[in-house]
Amino acid sequence: MLKPKSYVLRIGHRPERDLRVTTHVGLSSRALGASGMYLAADDRKVVDSIMDVAHRFGGTYFCKNNVKWKNCINIFKRNGGKVVHLTMYGLRLQDVISEIRTEKKILIVVGAEKVPGNMYELANYNVAVSNQPHSEISALALFLDHLYDGAELELAFPDAELGVLPTAIGKTVIKHDEYHGDEV
Ligand code: SAM
């Protein structure tokens, strides 16, 4: 099992406009070892399309619709977790990742447009994946890869209806019970 356990909190999501990006935040975090996503907006379409993939491709990833972002942060902290806010203004990923690896569980916060000012104080770590502006999807993917040091690429997802057999050319889809690997 990957350590620390990680969860994503998506804030600032605008239904319709951010549908594709937020769906990809969920799918990328699932594929790269996170345990679930809290969505601080009411958008069932996003949750349904992430959970459709999660059911077909296995594992225990969850997606919770319409959370109150401050409550989510406070409850997570009260339960012993630490909050990592991804922001281009934060401390450099490469300088803080080894300390973050020692935490029990982390909530990774990613924004959409402008993030509320108090997010910087609520976070235990404000982390920059380079100090250049880019995207929540790339920031999250790189953060998770550094957090788990590549081990997330070895994960297998139990109870899947579908799995992919890596092939040099073409596509091979298999039943998951023919698949072997570390479980999420
Ligand atoms: N301009 C917005 C602001 O100042 O809050 C950020 C917009 S950006 C498209 C959306 C999200 O991507 C941010 O909230 C942050 O989570 C993430 N992001 C973008 N660049 C980043 C970076 N260099 N390091 C870490 N996270 C980043």
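Ligands are counted one by one from 1 in listed order, and the atoms in each one are counted from 1 as well. Everything numeric here is computed off the predicted structure, so don't read it as measured data.
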>> Can you see whether Phe157 has Arg30 sitting over its ring - NZ or CZ less than 6.0 Å from the centre and within 45° of the normal?
In response: yes
>> Tell me which pairs pass side chain to side chain donor-acceptor pair (under 3.5 Å) where either residue lies in residues 62-82, with sequence neighbours left out.
In response: Asp42-Asn65
> So do the side chains of Val83 and Met119 get within less than 4.5 Å of each other, counting heavy atoms only?
Replying inline: yes
>> Can you list every protein residue that has a heavy atom under 4.0 Å from any atom of ligand 1, sorted by chain and residue number?
In response: Leu86, Thr87, Met88, Tyr89, Val110, Gly111, Ala112, Glu113, Lys114, Val115, Val127, Ala128, Val129, Ser130, Gln132, His134, Ser135, Glu136, Ala139
> Sequence neighbours excluded, which residues qualify as side chain to side chain donor-acceptor pair (under 3.5 Å) partners of Glu113?
Replying inline: Arg14
>> Between His85 and Tyr125 (judged by ring centroids, cut-off 6.0 Å), do the two rings come close enough to count as a pair?
In response: no
> Under the side chain to side chain donor-acceptor pair (under 3.5 Å) test, which residues partner Tyr61, sequence neighbours left out?
Replying inline: Ser29
